[in-house]
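Note that ligands are numbered from 1 as they come in the structure, with each ligand's atoms numbered from 1 the same way. Just so you know, these numbers come straight off a predicted model, no measurement behind them.
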Amino acid sequence: MDADEDVAPAVRSILDAARQRDSPAADRVSVNPRSLDDAVAAADADGRTPVIAEVKPTSPTTEGTRTDDPVELARAMVDGGAAALSVLTEPEHFGGSPEYLERVREAVDVPVLRKDFLLREAQLDAVAADVVLLIARFVGDDLADLLAAARDRGFQVLVEVHTREELERAVDAGANFVGVNNRDLAKLEVDLATFEDVAAHARDRTDATLIAESGVSTPDDVRRMRRAGADALLIGSAIMDYDTDERSSSSPRSASPREDDGADPAATVRENTERLTTAESQRGDNE
Ligand SMILES: O=C(O)c1ccccc1NCC(=O)[C@H](O)[C@H](O)COP(=O)(O)O
């Protein structure tokens with residue numbers, strides 16, 4: 001499979017950077033992970049929607065870069081009820097770093113997902129995390145081997161898919177956490193119907209934990225994804241308080257720091273998280 005085929009230029013650039021990124025001459029990581037399934041169950045039992053809140057300094061579809069301390073933002077997300085966290089470690093397009101993840105994981109006690117574009121086994125050793133992401137489209141035929149290599153190190157593995165065909169590959173590889181990305185990496189457009197379609201198909205195929213990823217902005221969106229069968233939701237931009245711009249893939253991304261509107265960023269992030277983790281105890285306009 002050619003992962004570059006038909007992807008947006010920004011995503012091609014992400015992949016090129018991932019291929020060129022040196023694998024650190026680090027020791028093999030060995031993780032004693034915090035259970036993601038337990039964290040999801042605990043949130044459910046507590047009446048909170050299980051949300052994996054994402055520390056996302058920037059992205060190809062957001063304006064500017066957040067320079068706030070990732071640890072403060074992470075703590076605010078947990079205070080707002082996040083069941084788990086996701087931390088971008090991709091430096092060039094998302095402003096992340098393995099060091100951010102290390103600091104965040106030390107500061108909180110919930111599971112932490114390493115969000116990156118991993119293509120080779122050695123890249124798993126950059127930093128310890130509770131969960132790592134493998135994107136089915138990008139790892140192609142290496143999915144089963146990388147899944148095994150990650151599990152050998154103790155990681156839980158979230159396999160990201162966007163289509164029914166990718167779901168089949170994830171199931172065949174033995175994935176027990178499947179993320180359905182509502183963001184089409186070919187066009188960078190978001191459509192929540194993607195999760196609805198793939199999750200409906202998944203029900204007969206797997207009992208994996210199903211996670212709705214990307215484009216969830218409002219309590220209505222949360223309830224919609226839960227009705228469609230999401231066990232948990234991965235939410236970045238709406239919690240980080242970005243105005244997302246699912247821009248055409250040729251638009252340039254601003255590298256300038258994001259303008260601060262004077263508000264307390266950690267307080268805003270906490271409120272945003274709380275609004276989404278309590279979505280199911282609020283009454284929806286359409287219900
Ligand atoms: O977020 C982007 O702009 C993006 C562009 C190209 C490839 C991946 C991208 N996002 C990675 C993610 O997985 C999201 O950060 C995550 O699912 C959260 O999405 P959102 O809630 O829409 O910020």
Side-chain angles (χ1 to χ4, degrees), residues 3-4 6-18 49 51-66 70 73 77 82 84-96 100-101 112-119 131-139 158-162 166 177-192 194-195 198 210-219 221-222 224-225 230 232-255 258 269 272-273 275-277 279:
D4 289 3
D6 287 340
V7 294
V11 176
R12 201 166 304 132
S13 169
I14 292 167
L15 278 174
D16 285 344
T49 302
V51 168
I52 304 171
E54 185 159 279
V55 179
K56 181 177 183 181
T58 188
S59 85
T61 57
T62 52
E63 195 59 47
T65 299
R66 286 202 81 128
L73 298 181
M77 290 168 180
L85 300 177
S86 164
V87 178
L88 261 307
T89 56
E90 202 277 356
E92 290 176 39
H93 303 80
F94 293 85
Y100 285 172
L101 186 145
V112 181
L113 163 70
R114 178 180 174 199
K115 201 76 194 304
D116 209 325
F117 299 81
L118 303 178
L119 302 174
V131 192
V132 288
L133 179 79
L134 294 176
I135 302 176
R137 175 171 194 156
F138 295 160
V139 300
L158 173 60
V159 178
E160 179 179 299
V161 305
H162 180 68
E166 288 173 3
F177 295 97
V178 174
V180 180
N181 196 348
N182 289 310
R183 180 173 287 111
D184 178 353
L185 297 177
K187 299 183 188 139
L188 294 187
E189 285 166 3
V190 166
D191 183 353
L192 298 187
T194 305
F195 182 84
V198 178
L210 278 187
I211 300 176
E213 298 179 18
S214 302
V216 174
S217 303
T218 65
D221 293 342
V222 170
R224 177 174 168 187
M225 293 294 93
L233 297 94
L234 173 63
I235 308 179
S237 307
I239 287 176
M240 293 292 286
D241 208 29
Y242 286 123
D243 288 330
T244 51
D245 165 13
E246 300 302 340
R247 69 186 71 201
S248 82
S249 50
S250 56
S251 305
R253 178 176 61 88
S254 163
R258 185 173 177 278
V269 159
N272 290 341
T273 309
R275 187 167 46 92
L276 297 168
T277 56

Neighbour count >12 (heavy atoms, 6.0 Å) for atom OH, Tyr100 =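 No, OH of Tyr100 has 12 or fewer neighbouring heavy atoms, counting only those of other groups under 6.0 Å.
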
Among Ile211, Val7, Leu185, closest by heavy atom to atom 7 (C) of ligand 1 is Leu185

Relative to atom 13 (O) of ligand 1, which among Glu160, Glu90, Glu213, Lys115 owns the nearest non-hydrogen atom?
->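 Comparing heavy atoms across Glu160, Glu90, Glu213, Lys115, the nearest one to atom 13 (O) of ligand 1 lies in Lys115.
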
Contact (N/O only, under 3.5 Å) between Gly215 and ligand 1 |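 Between Gly215 and ligand 1 (N or O atoms, distance only) the closest approach is under 3.5 Å.
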
Enumerated ligand 1 atoms positioned under 4.0 Å from heavy atoms of [X]:
{"X": "Lys56", "value": "1 (O), 2 (C), 14 (C), 15 (O), 19 (O), 20 (P), 23 (O)"}
{"X": "Ser237", "value": "20 (P), 21 (O), 22 (O), 23 (O)"}
{"X": "Ser59", "value": "1 (O), 2 (C), 3 (O)"}
{"X": "Leu188", "value": "5 (C), 6 (C)"}
{"X": "Pro60", "value": "3 (O), 5 (C)"}

What part of His93, side chain, backbone, both or neither, has a heavy atom within less than 4.0 angstrom of ligand 1?
->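 Neither; no heavy atom under 4.0 Å.
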
Select one of side chain, backbone, both or neither to describe which atoms of Arg183 lie under 4.0 Å from any atom of ligand 1, heavy atoms only.
->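 Side chain only.
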
Which residues share a side-chain contact (heavy atoms from CB on, under 4.5 Å) with Asp221, sequence neighbours left out |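 With sequence neighbours excluded, Asp221 shows a side-chain contact (heavy atoms from CB on, under 4.5 Å) to Leu192, Val216, Ser217, Thr218, given in chain and number order.
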
Ser13 meets the side-chain contact (heavy atoms from CB on, under 4.5 Å) criterion, sequence neighbours left out, with His93

Rounded to the nearest 0.5 Å, what's the gap from CG on Leu233 to CG on Asn182? Could you check?
->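 Those atoms lie 9.0 Å apart.
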
Could you tell me if any non-hydrogen atom of Ala238 lies under 4.0 Å from any atom of ligand 1?
->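 For ligand 1, residue contact (heavy atoms, under 4.0 Å) with Ala238 is absent.
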
